[in-house]
Every structure is written in C-alpha cells, then in structure tokens.
Amino acid sequence: MRIILDTDPGIDDALAILFIAAQEDMEIVAVGSVHGNVPAPTAADNALRVLDLAGLTEVPVAVGAARPLAQDLGTSEIVHGDDGLGGQAGPPSARKPVTISAAEQIVRLARENPGELTLLALGPLTNVALALLLEPRLPHLLKAVMVLGGALAVPGNVTPNAEANIWHDPEAADLVLGAGFENLTLTSLDVTETARADDAWLSALAEVPTHRAQFATGLLKHYTAFYTRMCGYRTCTIHDPLAAVLLQDPSLAEYREAVVSVELRGTHTRGQLISDCRAIADDTGIKSQAAQGRKPVRAVVSVDTKAFLSRLFEALK
Ligand code: BDR
Ligand code: CA
C-alpha cells in the first residue's frame with residue numbers, strides 16, 4: 001500500500017509514522033504537514049525528525065496550511081508539548097521540506113498515480129480541502145482515504161461535541177466528508193477511546209532497550225501525563241496509530257455506512273459531526289442526505305483493541 005500522509009506531529013502522529021515505517025506492505029510516498037497540534041512548519045520539522053529516526057530519509061515532506069479555512073489558528077501544545085513531541089524533538093533534521101505546499105503535493109501525486117495512492121489524514125483536513133479546491137477530480141484519483149477524526153456517538157475531546165481534528169478546521173472537514181470520495185473510512189473517537197494504552201502496556205514498552213522503543217517511551221511521557229491527569233489513572237489514547245493499523249488490516253474493525261456532515265454554525269456545537277444513518281433507510285421514503293447527493297462514508301464502530309495494541313507494540317519494539 002502506497003500512502004500520502006497528511007499529519008500534524010504530534011505525539012500520536014509520530015507513533016503512526018513509526019508503525020508504518022516498520023511494515024513491509026506499507027510505504028509512505030510523501031508527507032504533508034498541517035496546523036493542528038502545532039503550527040504547520042513545526043509539524044513539518046517534526047515529521048522530518050521522525051522519518052529520519054525511522055530510516056525513511058528519502059520521503060519528501062511538504063509544509064501545509066498555516067491556518068484553518070475560516071477561523072483563527074489554534075494549537076494543542078498542552079497535549080503534545082511545546083515542541084509537539086513531548087520535549088523529545090532534539091536537533092532538527094539535516095533535510096528541509098520541499099518547496100511545494102502539502103495540498104499541491106497531494107494533487108501532483110494523485111494525478112501522477114491515478115487510482116493507486118491512499119491518503120491517510122491524521123490532522124485537521126485543511127490540506128485535503130485545499131487539494132480538493134485545486135483538483136475537483138481528487139475523489140476519483142485516490143484509491144482510498146482514511147480520516148482520523150470526529151466523535152459520532154461519544155463526547156468530543158475539545159468541546160462536549162467536537163473532536164480536535166474536526167474542531168481545528170470544521171469547514172475543511174465538511175468539505176472533505178461531503179466530497180464524494182469513493183472509499184473514505186472514518187476512524188473517530190468512538191473507537192480510539194476504546195483502545196487506550198494502559199499502565200502494563202506503557203511499562204512493557206519502557207523496558208524494551210531498543211532506540212525505537214526508548215524514543216516512543218520518551219514521546220509518550222508528556223502525553224501520558226496529560227491523559228493521566230484527566231483520567232485519574234495511568235493511561236493514554238493513541239489515536240493516530242489506530243487509523244494506520246486499520247488501513248493495513250481493516251478486518252480488525254466493524255463498520256457502518258453513514259452520511260456525515262459537520263456542524264458549522266452551532267453556538268455550542270460547532271465542529272460536531274452529524275451522522276445521518278437514515279442513509280441506509282432510503283426505502284422508507286425518508287429523504288435522507290444521501291438522497292440529496294452526499295455519499296456515505298465508512299465509519300469504524302468497533303475495533304479489536306487487543307490486536308491493535310499488540311501490533312503497535314510489535315512495531316515500536
Ligand atoms: C487527534 O487530535 C490530535 O491531538 C491527535 O494527534 C489526533 O490526531 C485526536 O483527537
Ligand atoms: Ca494528529
């Protein structure tokens with residue numbers, strides 16, 4: 001599987017890169033950074049650092065959107081540390097980002113490889129939305145899209161209703177979720193929050209003496225401290241790697257088709273995902289959003305958490 005990665009590293013983004021790097025059947029063709037956990041230029045620098053560490057020193061990194069489409073920039077250093085990597089960023093890579101933007105890079109690669117590439121979006125969807133504006137045929141040029149974001153039937157993690165990646169750019173998310181991608185899977189908080197790393201998993205990783213496992217453990221320190229403060233016991237939710245693992249092995253999850261839109265105007269609900277399951281009940285005569293033209297996406301509804309955590313552990317060892 002050949003992947004364009006759109007990402008805002010970000011601790012769990014970095015772990016997703018390490019996971020993919022350890023898989024023989026997954027190849028990162030290019031990376032685009034996006035604002036989100038940190039500003040886009042910092043995210044690009046972090047992506048270069050993590051790719052270097054994973055031995056992927058040829059993968060190009062493009063800097064992406066500096067801000068959301070229709071709101072001010074907001075970042076999440078409180079979760080990911082000032083450097084976005086929990087204080088573990090270290091010296092910069094000797095490499096520099098390429099000179100085109102992340103959106104241009106998506107469009108160029110999709111046009112050059114029609115039907116071949118999978119887009120894995122682990123941050124706010126601004127770059128993907130901009131790519132759609134540049135190339136309206138994008139939904140037919142990509143083989144598949146995996147989006148990490150949103151909360152369907154569970155609370156959000158930024159507001160009571162909104163998940164971070166959607167919250168950071170609701171307009172972009174709505175554009176992408178309604179763009180008619182042939183094969184778009186949504187991995188939301190509904191499942192990532194069921195796949196938390198616990199004390200035993202974190203301690204076992206800390207005991208592995210390899211450079212990779214020690215780097216991952218260092219990354220997870222700040223992140224786990226944040227979640228532990230919130231939950232009252234030692235844990236953290238490793239969101240982004242779950243999307244990468246499900247890309248590789250979709251059989252680890254169950255899915256439901258849903259037409260998904262983003263609430264853009266609610267006073268208290270901006271950034272909430274509205275999932276219209278009536279799309280599957282068109283024969284009842286109810287005029288659903290699907291009937292009005294928005295294509296359903298494939299939402300992950302449950303996941304084999306044990307298998308996920310064990311595959312991630314194997315990759316990080
Ligand atoms: C998402 O928000 C970011 O903090 C994480 O990297 C993940 O992509 C989870 O809500
Ligand atoms: Ca992310």
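We count ligands from 1, going down the list as the structure has it; atoms in each ligand are counted the same way.
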The Ca ion (ligand 2) to nearest N/O/S of Asp12 below 3.0 Å:
no
Metal check, the Ca ion (ligand 2) vs Leu122 N/O/S, cut-off below 3.0 Å
yes
Indicate yes or no: does an N/O atom of His80 lie under 3.5 Å from an N/O atom of ligand 1?
yes
If you measure every N or O of His239 against every N or O of ligand 1, does any of those distances drop under 3.5 Å?
no
Show, in sequence, the C-alpha distance, side-chain angles and deciding distance for Glu27 and Arg2, and conclude whether the salt bridge (Lys or Arg N to Asp or Glu O under 4.0 Å) test is met.
CA-CA 5 Å; Glu27 179 198 351; Arg2 300 175 67 219; 3.6 Å; yes
Using the six-membered ring wherever Trp is involved, compare the ring planes of Trp201 and Phe313 and label them parallel, tilted or perpendicular (cut-offs 30° and 60°).
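The rings of Trp201 and Phe313 stand perpendicular, inter-plane angle above 60°.
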Taking 4.0 Å as the limit for heavy-atom contacts, which would you say applies to [X] with ligand 1: side chain only, backbone only, both, or neither?
X	value
Val79	neither
Ile11	neither
Leu122	backbone

Do any N or O atoms from the side chain of Gln71 and from the backbone of His168 form a donor-acceptor pair under 3.5 angstrom?
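Yes; judged by distance alone, with no hydrogens or angles, the pair exists.
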Has the side chain of Asp240 got a donor or acceptor atom that lies under 3.5 Å from a matching backbone atom of Ala16?
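Checking the backbone N and O of Ala16 against the side chain of Asp240, no donor-acceptor pair under 3.5 Å is found.
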Please tell me if the side chains of His268 and Thr159 come closer than 4.5 Å, counting only heavy atoms from C-beta onward.
no
By number and element, which atoms of ligand 1 are closer than 4.0 Å to a non-hydrogen atom of Asn157?
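Going through ligand 1 atom by atom, the ones under 4.0 Å from Asn157 are 9 (C), 10 (O).
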With distance as the sole criterion, is a donor-acceptor pair present between the side chains of Gln248 and Arg311 under 3.5 Å?
no
